[in-house]
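Contents: one structure, followed by commentary.
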Amino acid sequence: MKLDTQNTPSVDETMFQNSWQRSWHSLGIQPAPGLQAQLLSAYREPQRHYHTLQHLQECLTHWERVIQLAQFPAELELALWFHDAVYEVKAKDNEAQSARWASQALQQSGASAEQIQRVQDLIMATCHQAAPSEADAQLLVDIDLAILGAEPPRFAEYDAQVRAEYRWVPGWIYRSKRKQVLRSFLARDAIYSSPHFHAQLEAQARLNLAASSR
């Protein structure tokens, strides 16, 4: 199936296809027809500026470098696909809604209760309310937060993309709230929980966050 990537330049169709097929094959089940297209369409919704196919592709790029570190790689890879499947800027339950969609899709395809629970738990870890303690959750959350340790030009683009998603918020309120969020990450003993991402991205993330939260 050829991906519909209109208006999404630089999308790596081969990466998307390989990832999608690999994850379901590893679980030993088949996704429902049209599920991938539904997910890709969700990531192209007009209210999104950062939580787009670009973000999904960046996540999968990081994932392919650490896949050998995961205990349950198929579940983690599918959790990446679904972690931002539902994204409404004003909603408070995007992760729960995304986890519910993943659960329904996996149940329809015949996944085991254990597989479904693992995917749900991984998606819910992206609420970022606390640093995860379980190794696969650490990998997933670190992948989701890898943008914080991006090179400065990409980090600046990300910052602008997040602002675009919250364009309805008055500037002074947005700046205050945004600084609170960024400083909360800086206040952590470690932004990245897994050894790989801590070694690769921690220093740059702290530089980026410090510069943006002044």
Side-chain angles (χ1 to χ4, degrees), residues 1-8 11-48 50-64 66-129 132 134-146 165:
M1 180 185 72
K2 184 175 177 62
L3 303 184
D4 177 8
T5 55
Q6 184 178 4
N7 298 325
T8 53
V11 167
D12 187 339
E13 295 186 18
T14 300
M15 172 185 286
F16 278 107
Q17 289 289 24
N18 288 345
S19 171
W20 185 253
Q21 293 168 6
R22 176 176 58 222
S23 57
W24 288 95
H25 177 76
S26 296
L27 285 181
I29 56 178
Q30 290 293 321
L35 178 60
Q36 185 191 34
Q38 292 171 23
L39 276 171
L40 293 171
S41 180
Y43 280 95
R44 288 192 295 268
E45 291 168 341
Q47 78 276 12
R48 298 171 183 250
Y50 170 64
H51 296 86
T52 62
L53 288 177
Q54 180 187 23
H55 172 56
L56 178 59
Q57 179 169 303
E58 287 173 340
C59 285
L60 294 176
T61 299
H62 284 291
W63 164 241
E64 291 193 345
V66 297
I67 190 170
Q68 74 281 357
L69 301 178
Q71 182 179 6
F72 296 101
E75 286 92 328
L76 200 157
E77 191 158 16
L78 277 179
L80 284 172
W81 272 89
F82 277 96
H83 81 285
D84 285 323
V86 176
Y87 185 73
E88 294 295 339
V89 179
K90 297 182 182 182
K92 303 295 185 182
D93 63 346
N94 286 320
E95 293 84 5
Q97 292 290 342
S98 296
R100 188 171 296 114
W101 185 0
S103 175
Q104 292 169 346
L106 286 163
Q107 187 173 23
Q108 182 180 357
S109 296
S112 70
E114 292 78 13
Q115 289 170 330
I116 294 170
Q117 190 64 56
R118 282 194 287 266
V119 172
Q120 286 183 317
D121 290 345
L122 287 166
I123 293 171
M124 292 306 296
T126 64
C127 291
H128 302 301
Q129 293 177 345
E134 196 273 327
D136 277 5
Q138 289 177 348
L139 275 178
L140 178 71
V141 168
D142 284 357
I143 289 169
D144 192 30
L145 294 179
E165 291 184 342

Phe16 vs Trp81 aromatic rings, parallel, tilted or perpendicular, using cut-offs 30° and 60°?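 Ring orientation, 0 to 90° scale: perpendicular.
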Has [X] got a side-chain atom pairing as donor or acceptor with [Y]'s backbone, closer than 3.5 angstrom?
| X | Y | result |
| --- | --- | --- |
| Asn94 | Glu88 | yes |
| Ser103 | Ile116 | no |
| Asp12 | Met15 | yes |
| Ser109 | Ala111 | no |
| Glu75 | Arg118 | no |
| Ser23 | Ser19 | yes |
| Asp84 | His51 | no |
| Gln115 | Leu106 | no |
| Thr126 | Ile123 | yes |

Suppose we screen for salt bridge (charged side-chain N to carboxylate O under 4.0 Å, His left out). Which residues come up paired with Glu64, at least two apart in sequence or across chains?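 Partners of Glu64 under the salt bridge (charged side-chain N to carboxylate O under 4.0 Å, His left out) test: Arg22.
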Under the salt bridge (charged side-chain N to carboxylate O under 4.0 Å, His left out) rule, collect the residues that match up with Glu45, sequence neighbours excluded.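 Expected list: Arg48.
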Pairwise distance [atom1]([X]) to [atom2]([Y]) - rounded to 0.5 angstrom:
| X | Y | atom1 | atom2 | value |
| --- | --- | --- | --- | --- |
| Gln107 | Ile29 | CD | CD1 | 11.0 Å |
| Cys127 | His83 | SG | NE2 | 11.5 Å |
| Leu60 | His55 | CG | NE2 | 9.5 Å |
| Glu77 | Ser26 | CD | OG | 7.5 Å |
| Tyr87 | Gln97 | OH | CD | 15.0 Å |

Applying the side chain to side chain contact (heavy atoms under 4.5 Å, CB included) criterion to Leu139, which one of Leu80, Leu76, Ile67 satisfies it?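 Only match with Leu139 under side chain to side chain contact (heavy atoms under 4.5 Å, CB included): Leu76.
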Can you give me the closest heavy-atom contact between [X] and [Y], atom names plus distance?
| X | Y | value |
| --- | --- | --- |
| Gln47 | Glu165 | O-CG, 3.7 Å |
| Leu122 | Ala79 | CB-CB, 3.7 Å |
| Ala125 | Val141 | O-CG2, 3.5 Å |
| Ala105 | Trp24 | O-CH2, 4.4 Å |
| Trp63 | Pro73 | CZ2-O, 3.4 Å |
| Pro132 | Gln138 | O-NE2, 3.1 Å |

For atom NE2 of His25, is the number of surrounding heavy atoms from other residues, nucleotides or ligands below 6.0 Å larger than 12?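 No.
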Tell me if the CD atom of Gln129 is crowded by more than 12 foreign heavy atoms within 6.0 Å.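 Counting other residues, nucleotides and ligands, CD of Gln129 stays at 12 neighbours or fewer.
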Are the side chains of Thr52 and Leu56 in touch, meaning some heavy atoms are under 4.5 Å apart?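 Sidechains of Leu56 and Thr52: no contact.
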Answer yes or no: is there a side-chain heavy-atom contact under 4.5 Å between Ile143 and Val66?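 A side-chain contact exists here, since the closest heavy-atom pair is under 4.5 Å.
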Does a side chain donor of either His62 or Asp142 reach within less than 3.5 Å of an acceptor in the other side chain?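 Side chains of His62 and Asp142: no pair found under 3.5 Å.
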Could you walk me through whether Gln17 and Gln36 pass the side-chain contact (heavy atoms from CB on, under 4.5 Å) test, one step at a time? CA-CA 9 Å; Gln17 289 289 24; Gln36 185 191 34; 3.6 Å; yes
For side-chain contact (heavy atoms from CB on, under 4.5 Å), just list the numbers for Leu35 and Gln38, CA-CA rounded to whole Å, side-chain angles, deciding distance to a tenth of an Å, and then say yes or no. CA-CA 5 Å; Leu35 178 60; Gln38 292 171 23; 4.3 Å; yes
In chain order, what residues pass the ring pair (Phe, Tyr, Trp, His ring centres under 6.0 Å) check against Tyr43, with sequence neighbours excluded?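 Partners of Tyr43 under the ring pair (Phe, Tyr, Trp, His ring centres under 6.0 Å) test: none.
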